[in-house]
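Working notes for the structure below.
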Amino acid sequence: MVTTTGYWEVQIGRDPRRIAIVRAWALGHGPKDLPAGVTPLHPAFSVLAGEWCSADTDGITVDFPFPLDISWTELEF
């Protein structure tokens, strides 16, 4: 099961210096396959929920947990 709790990761490109990739991570709970003898401290794990690359997409569009549509132009700095 994946919940709405999570974080976003932004990777900056070098040349030109701009946002290259945005990843959305969600916090999952429940069983997860781990190697024998490994016991997690907390029964939660991060799951890649979305990934957008400036070279491949027009922008970031998601519907969950709320609608968001943002172009790469709006993310320029």
Side-chain angles (χ1 to χ4, degrees):
M1 174 204 298
V2 176
T3 66
T4 59
T5 304
Y7 62 94
W8 288 54
E9 173 185 325
V10 177
Q11 182 177 337
I12 305 297
R14 292 180 184 226
D15 189 21
R17 191 149 181 82
R18 64 178 180 205
I19 296 173
I21 299 173
V22 175
R23 291 182 186 96
W25 295 87
L27 187 62
H29 296 276
K32 178 141 173 87
D33 294 329
L34 296 171
V38 175
T39 304
L41 295 175
H42 304 285
F45 53 90
S46 293
V47 177
L48 184 60
E51 181 175 87
W52 302 267
C53 177
S54 62
D56 299 334
T57 61
D58 294 331
I60 298 168
T61 302
V62 296
D63 292 324
F64 186 80
F66 51 84
L68 175 70
D69 186 16
I70 188 165
S71 69
W72 290 110
T73 305
E74 294 176 278
L75 295 173
E76 290 179 354
F77 59 93

>> Taking Ile60 as the starting point, is it possible to reach Ile19 by hopping between hydrophobic residues whose side chains are less than 4.5 Å apart?
In response: yes
> Is the closest side-chain donor-acceptor distance between Trp72 and Thr57 under 3.5 Å?
Replying inline: yes
> Taking a hydrophobic cluster as the set of Ile, Leu, Val, Met, Phe, Trp and Tyr residues connected by side-chain heavy atoms closer than 4.5 Å, whether directly or through intermediates, do Trp8 and Leu75 fall within one such cluster?
Replying inline: yes
> Would you say Trp25 and Val47 make side-chain contact, with heavy atoms under 4.5 Å?
Replying inline: no
>> Run the side-chain hydrogen bond (donor to acceptor under 3.5 Å, both in side chains) test against Glu51 and tell me which residues pass, sequence neighbours left out.
In response: Arg23
> For Ala49 and Ala26, which heavy atoms make the closest approach, and how far apart are they?
Replying inline: CB-CB, 4.2 Å
>> To check you understand the geometry: which heavy-atom pair defines the closest contact between Ser46 and Tyr7, and what is its length?
In response: OG-CE2, 4.0 Å
